[in-house]
Amino acid sequence: MDKNSKKRGTKGFVFLLALTLTLTLTLSLVLSTVAAQINPVKPLPKDKCPVCGMFVAKYPDFIAEFIFSDGSYAVFDG
């Protein structure tokens, strides 16, 4: 490998690293803005985990949720 090919490799790596960091920061800012506008749902006593069928309202410390764009949601027990 000659000197010029090493330079090109280093420049390419630096470019990809800068691009990755820029995209990561942009995506995190966009997602934090969107997430700030959606409030968590309070599960109803009838809400069950779609995976295991457990009633999730009894255990609020272990609830995970997906809120879909149409406003519907799914709650999971941890």
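The shown structure was predicted, so the numbers you read here are calculated from the model rather than taken from an experiment.
Residue-environment remark: CZ (Phe68) exceeds the threshold of 12 foreign heavy atoms within 6.0 Å.
One hydrophobic cluster holds both Leu21 and Phe13 under the rule that ILVMFWY side chains link at heavy-atom gaps under 4.5 Å. In the hydrophobic clustering of ILVMFWY residues, with side-chain heavy atoms under 4.5 Å counting as a link, Leu23 and Leu29 come out apart.
Here the CD1-NZ distance, from Ile63 to Lys42, works out to 9.5 Å after rounding to the nearest 0.5 Å. In this structure, CG in Asp77 is found 13.0 Å from CG in Asp61, a value given to the nearest 0.5 Å.
Among all heavy-atom pairs drawn from Tyr73 and Val41, the shortest one is CD1-CG2, 3.7 Å. For Ala57 against Pro45, the heavy-atom pair with the smallest separation is CB-CA, 4.0 Å. Here the closest non-hydrogen pair linking Phe55 and Lys46 is CE2-O, 3.8 Å. Here the closest heavy-atom approach between residue Glu65 and residue Val75 is recorded as CB-CG1, 4.0 Å.
Side-chain contact between Thr26 and Thr22 is present, with heavy atoms from C-beta onward closer than 4.5 Å.
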